[in-house]
Amino acid sequence: MRVRLAKTAGFCMGVREAMETALGLIHRVKGPLYTFGPLIHNPQVLQLLEEKGVIRLKEIPAAAEGTVIIRAHGVPPQQEEALRRAGLNVVDATCPWVKSVQRLSRMYAGRGHLVVIVGDADHPEVVGLLGYAGDRGRVVSGPEEVAALPEAEKVAAVAQTTQRPEVFKAVVKALEKRYGEIQHGRKAICDATQNRQAEVKRLAGAVDALVVVGGFDSGNTKRLAEVGRAAGVRSWHVETEADLDWAALTECDTVGVTSGASTPNWMIRKVVRELETRRGRGESFGRVVAERVIRFLLRSHLMVALGAASLSVATCLLQGLRPSLGLMGVAFFYIHSMHILNQFLDKEAGEYNDPDRAKFLVRHRWLLIGAGIVSAFMSLFLGWLMGRWVFILLVAISAAGVLYSVPLVSIKVGRWRIRRLKDVPGSKSMSAALAWGAITALVPALSAPGLVNWLVTAFVFVAVTLLIYIRSGLFDIFDVQGDRIVGQETIPILLGEPRTRRLLWLLTGVLGLVLAMGPLVLPEPGLSWWLLLCVGYAAGYLYVYQKRWLHPGARFEALVEANALLAGLIAVVWWWARGL
Ligand code: SF4
């Protein structure tokens, strides 16, 4: 089934900041960590926080120790004060949009206006806003309730930030009709809500049905489904993939998917995966089979291993060496075992980052472990056949790979506690890129020590490391939520997504420059210029991501992994054109 995932799906800014605050504090604070009420409206996220030891306070205690996080929806100022009086250290994770509406409510109330709050009376955000408006605050859910408001000389309107703009406008109109001129903020509804609702309206015309993923308690998620229905498309609000209505969905060819502001990526991915793996109406059998084959190659790590073998053809030719099945085999088996075994070491993050792969891992656990061990032995065996130095290099990088996740020391550097190499900030992508560089550039050089120039090898090593770093850096952006949950400090967590994207663009430019300078260093310079196509390809997938033309998932992963295959293909064609 074809899936069109909304660009705006996933956490909004306010929820993301609240989650970052909570997950950051889990790893930092001493003493109990509480949230006052649910931090956000998503049961799966709340369960996750509970499993991480975050306790949900339902009432304000008379006295307590520890830290309490104020939920993204905010609380009345009286409750915040009571939490402080109880002795708790209060960390405010109220969304900045909500805070600005709280300030407006307080300001209008202070100036003697009747403050009309457009929203759901029992929603925590509205309860908080009422606290700021004091006895001058009133809640209405629609224009029909304006008639019941008390008389007032001055009136101001504010909105629950996730309201439908049409409802807010209708209330403002009804208030103006009754009271004359009234005060209201120009941007009453938050951008995240408006953009999501606008995208649902656009999607409605292009899909057969719409699935909105999010907590059943989440007001903004419910409203997205309402917006979809109002736009004339069949819309379902689901909390998990188990709620999908297959009887109706199998009649569809293209399904739109969006989510509420508090839905984590892994919940959306599970739903998307379920939809993508079913056959839609009118979808060809060949397409479904091709999709399944690609998923299998990705989940079993055969595709990434084939990419490494293919890349090794290019790196041999760049160094003036003849590619061989033995060198391709070392690259294939080493990268295959590395990816399988890393997946087991990174199991917890994997469950959030890639639920589809995690499911495959559970289902084929022993087969994958067996394949990983066989591949590790095969790479060592082939390396041993190639000579002492290749074997020593393979043993050294395998040992470094094992030690990567093993606690060795305990040093505090700034805010980081380093126990394992894995704890070194940004080490995840860098270690993968260095391993690829060693396998595809150093192994061929060490297998023919008398035939290579080490400056050339260093050049090729740098080029491969950059190419793989760009690939892994993009995957780190996709995996940011899971990595944050398990406390892995990747580059996107350290720098944030926009800066990481800029870094990847910069590195793509650097890789282009490096390859363009090939003729200054390489014995066979023409190939490095042809490999600039791979730089263009990397720039292409970064652009596709930036424009959100394809969503993170199996198809995007296949697109990215194909770059290493492309490098090998270019090298083979170039080699063949020169008469092998
Ligand atoms: S939906 Fe808007 S107001 Fe609510 S938390 Fe997200 S950004 Fe803030």
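In listed order, ligands and their atoms are each counted from 1.
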Check your understanding: Is T162 near ligand 1, meaning one of its heavy atoms is under 4.0 Å from it?
Key -> yes
Point to revise | side-chain hydrogen bond (donor to acceptor under 3.5 Å, both in side chains): pairs with one or both residues in residues 251-264, sequence neighbours excluded | key: R2-D253
Check your understanding: Using 4.0 Å as the upper bound for N to carboxylate O, is an ion pair formed by E199 and R548?
Key -> no
Check your understanding: Do the ring planes of H73 and H41 sit parallel (below 30°), tilted (30 to 60°) or perpendicular (above 60°)?
Key -> tilted
Check your understanding: Are E274 and K270 close enough for a salt bridge, meaning some N to O gap below 4.0 Å?
Key -> no
Review point. Are the aromatic rings of Y541 and F556 close, with centres under 6.0 Å apart?
Key: no
Review point. Hey, which atoms in ligand 1 end up nearer than 4.0 Å to a heavy atom of T161?
Key: 3 (S), 4 (Fe)
**Study point:** atom 6 (Fe) of ligand 1: nearest protein contact (heavy atom, Å)
**Key:** C12 SG, 2.2 Å
Exercise for review: Pick whichever of S262, C95, G74, G14 has a heavy atom sitting closest to atom 8 (Fe) of ligand 1.
Suggested key: C95
Review point. Nearest protein heavy atom to atom 2 (Fe) of ligand 1, by residue and atom, and its distance?
Key: C190 SG, 2.3 Å
